[in-house]
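Following this message is one structure expressed as structure tokens.
Counting starts at 1 for both ligands and their atoms, following the listed order. Note that these values count all heavy atoms, side chains included, but never hydrogens, waters or copies made by symmetry.
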Amino acid sequence: MNVYVSNIVMAALSFPLIAFVITIPYMVYQYRKFGSIPWLRTLVVYSFVFYLLCAYFLVLLPLPEDRTAIVPYAQTPQLVPFNFVHEFLAETSFSPSNPSTWLATLRDPYVYEAFFNVLLLVPLGMYLRYYFRRTWWQTLIIGFLVTLSFETTQLTGLWGLYEHPYRLFDVDDLMMNTLGAMVGFWMVGPAMRVLPDFRLVNEEAREAGMRASVTKRALSFLLDLLIAGFLGMLVGFGLAAAGLSGQETISVWTDRAVLLLCFVVVPVVTHGQTLGQKLLRLRIVRSDASRAHWYQFLARYGLLYLMIWAPFAALSGVVGLDPSTSGEMGAIVNFAAHNQTLLVWAWVVLMAAWGVSLLVRAVRSWRLKRPFVMLNGLISNTRIMTVAGVERERERRCVLDVADVAALERLIADDGTPLAELMERAGTAVADTVRLHVPDPAPVVVLAGAGNNGGDGWVAARALAEQDYPVTLITSDLAERIKAEPARSTALDVFADTAERDLPLRVLIAPDADVLIDAIDGAEAVVDAILGTGFAGDEVRPPYAAWIRAANRRRFEGSRGKGRGRHRKRALERGRHERGERRSAPMRAKDAPFTVAVDVPSGLSAQTGAAARPCLAADMTVTMLAYKPGLVATETNRWTGMVTLARLVDTKPYLAALGDELEDD
Ligand SMILES: NC(=O)C1=CN([C@@H]2O[C@H](COP(=O)(O)OP(=O)(O)OC[C@H]3O[C@@H](n4cnc5c(N)ncnc54)[C@H](O)[C@@H]3O)[C@@H](O)[C@H]2O)[C@H](O)CC1
Ligand SMILES: [K+]
């Protein structure tokens, strides 16, 4: 037992070293993959590393003193399966009918070693299922390979480091370890219902990763400094080889040249990325997310260099002053030389104030979730954004009026991609968004209006049902009575498909309030495909108003559970659930379904951003082809939630054509 404990203590002592080594690569990997690093993942990953360390130490330590040591019992591999059972039965006085022998059995090395061998890989099975999302057979294979790596390391005396094996290769260990991985796999199953789902954690990390956080920028800067330091070292070797190593001025200027290369030349070549930024998917752009010019990179990093270098140069100037060599500047030099302590103190205070102001701005930007802008960024009019953030910012700045979106659709259709195909892609994009936020099949309600926005909803409903999500589609009318095209033909298609392929999609036509509320109450996701760009007016007409209210009530008040239908219905009829319409934004209920609006939240004018009564509040809006003015208007994000763009096609050429067309007008 003592050996076990001391090995774990060893692991705990060496863990900080390993953590130190892996932290920068870990951060770079996470930032590249997700854009941000949730603490939960760090906890899981580092605990996993710690666990592996413990496991390997447990099977490999203690090491023999001497490379040539022969540990007798370890020399012949034990290849008989279940040998430990035979040995145990042969050597023990265990009797099932005699309780007094039970305790002794537990203390028997054959028993507790087998038990520990199972225990050893239980955590591995847990991590594999929970964090790495492996299936049972993958866990079985990985568990076996890990234990095989233990046993072969033992058999080969740490891969030849020792001349003879110093621990026994035992088939029983292989079996017990693998069993342990499987036990862990099964054990973690029930816990996964309460543990956070990492697919959602990842999704949130991706959303948060749109921001160029201070840590991410600091890390990229650190990487750049490391790269510049390394290059500087190479240049230093070069100078030494050329016999120029002693020359102070040359090395100062070569250092500056290296900095110029890393912080100005490289960004010019890469259109705004230093190597560190490239690694972390950051980019230097102008404050409006457009491409920055070379002189802006120069200004940005030149100023930073001055801000860092100048105070130190000034300080060393003051400290190095010699009053006896005073020339023309005599009076000043004399003053500085005689008041050095005072000047150094003034310098310290100034630098401290600068440091504090940096800190305050960093904390402020963190609290207010606004980007942290440094002084040199302000002056050079440059910002560091994530590559994804730049993309989004550019999309947001390319806003199309609703009429222009219609014109764009026509251009695309004329070019051979019909509206029905666009609708197919739009609906699929919405279904993909739902699947990202509700990764396992769960009830979904699709509210589909009678226009083409509703058509997108029909496609999304089918796409989700194809992935085994039980979908309830709510429509005001029979599919054949829909007037808009291609919504009508699409809806008929989906309807026929559902019956033919027996998809889990039920269609409710103009359901009464109770049925509607029950469906929404039981949903994990709601798709709002009621009204899109075709909506006009200050009021949403029935029946859609009631649908929107039901969705908002569920969002802000949570589920009322079953059996209180009449109460809910009356409350609904009295219109008491219009919190979403009030000025102050109410809190989203904890258990509210994920609500995604198709193109624009129903009741919100895509053109003006004015919210009608009622207006649906969504967690996310997937808008088609281009941003519309209403989506970027101030104060509309309480209805839209986060807005993402589904391009559907490469719109660039069409946008250019549209621009020409508009100019001609
Ligand atoms: N941009 C694209 O690439 C694509 C967009 N698509 C989707 O189509 C809608 C626009 O469809 P449209 O048929 O023009 O209009 P809507 O469906 O938004 O609405 C028409 C529908 O609404 C009713 N209505 C209007 N005002 C009111 C009101 N005040 N109260 C109640 N009802 C109202 C009207 O009677 C009609 O029935 C766009 O948003 C996209 O989602 C396509 O998928 C193709 C690709
Ligand atoms: K909508």
Opening angle between O in L531 and OD1 in N453, taken at the K ion (ligand 2), to 10 degrees
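That angle is 70°.
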Name whichever N, O or S atom of D528 ends up nearest to the K ion (ligand 2).
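Nearest N/O/S atom: O.
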Could you name each residue pair satisfying side chain to side chain donor-acceptor pair (under 3.5 Å) that touches residues 383-394, not counting sequence neighbours?
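Residue pairs passing side chain to side chain donor-acceptor pair (under 3.5 Å), neighbours aside: E393-R397.
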Please list, chain by chain and in numerical order, all residues satisfying side chain to side chain contact (heavy atoms under 4.5 Å, CB included) with M374, sequence neighbours excluded.
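If we apply the side chain to side chain contact (heavy atoms under 4.5 Å, CB included) test to M374, skipping adjacent residues, the hits are R217, L304, L358, F372, N376.
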Examine all N, O or S atoms of V600, backbone included, and report whether one is under 3.4 Å from the K ion (ligand 2).
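A backbone or side-chain N, O or S atom of V600 is under 3.4 Å from the K ion (ligand 2).
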T498: partners by side chain to side chain contact (heavy atoms under 4.5 Å, CB included), with sequence neighbours left out
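In terms of side chain to side chain contact (heavy atoms under 4.5 Å, CB included), with neighbours along the sequence ignored, T498 is linked to V494, L503, L505.
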Taking the basic N atoms (NZ, or NE/NH1/NH2) and the acidic carboxylate oxygens, is any pair closer than 4.0 Å for E203 and R199?
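Salt bridge: no.
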Of D404, I412, L400, which meets side chain to side chain contact (heavy atoms under 4.5 Å, CB included) against L625?
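Testing each of D404, I412, L400 against L625, the sole residue satisfying side chain to side chain contact (heavy atoms under 4.5 Å, CB included) is I412.
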Return yes when at least one N/O/S atom of T621 is nearer than 3.4 Å to the K ion (ligand 2), and no when none is.
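It does not: T621 brings no N, O or S atom closer than 3.4 Å to the K ion (ligand 2).
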Sub-3.5 Å pairs, protein N or O with ligand 1 N or O:
unit_1: ligand 1; atom_1: 1 (N); unit_2: E409; atom_2: OE2; d: 2.7
unit_1: ligand 1; atom_1: 13 (O); unit_2: N452; atom_2: N; d: 2.9
unit_1: ligand 1; atom_1: 15 (O); unit_2: G534; atom_2: N; d: 3.4
unit_1: ligand 1; atom_1: 17 (O); unit_2: N452; atom_2: N; d: 3.1
unit_1: ligand 1; atom_1: 17 (O); unit_2: N453; atom_2: N; d: 3.0
unit_1: ligand 1; atom_1: 18 (O); unit_2: G532; atom_2: N; d: 2.5
unit_1: ligand 1; atom_1: 18 (O); unit_2: T533; atom_2: N; d: 3.3
unit_1: ligand 1; atom_1: 18 (O); unit_2: G534; atom_2: N; d: 2.9
unit_1: ligand 1; atom_1: 26 (N); unit_2: A536; atom_2: N; d: 3.3
unit_1: ligand 1; atom_1: 26 (N); unit_2: A536; atom_2: O; d: 3.4
unit_1: ligand 1; atom_1: 29 (N); unit_2: A536; atom_2: O; d: 2.8
unit_1: ligand 1; atom_1: 29 (N); unit_2: E539; atom_2: O; d: 3.0
unit_1: ligand 1; atom_1: 30 (N); unit_2: R541; atom_2: N; d: 3.0
unit_1: ligand 1; atom_1: 39 (O); unit_2: N453; atom_2: ND2; d: 3.4
unit_1: ligand 1; atom_1: 39 (O); unit_2: T533; atom_2: N; d: 3.0
unit_1: ligand 1; atom_1: 39 (O); unit_2: T533; atom_2: OG1; d: 3.4
unit_1: ligand 1; atom_1: 39 (O); unit_2: D599; atom_2: OD2; d: 2.5
unit_1: ligand 1; atom_1: 41 (O); unit_2: N453; atom_2: ND2; d: 2.8
unit_1: ligand 1; atom_1: 41 (O); unit_2: D456; atom_2: OD2; d: 2.7
unit_1: ligand 1; atom_1: 43 (O); unit_2: D456; atom_2: OD1; d: 2.3
unit_1: ligand 1; atom_1: 43 (O); unit_2: D456; atom_2: OD2; d: 3.2

Under-4.0 Å salt bridge between D497 and R462
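R462 and D497: salt-bridged.
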Taking the side chain as every heavy atom from C-beta outward, state whether P439 and D197 have any pair of such atoms under 4.5 Å apart.
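The answer is yes, as the side chains (C-beta and beyond) meet within the 4.5 Å cut-off.
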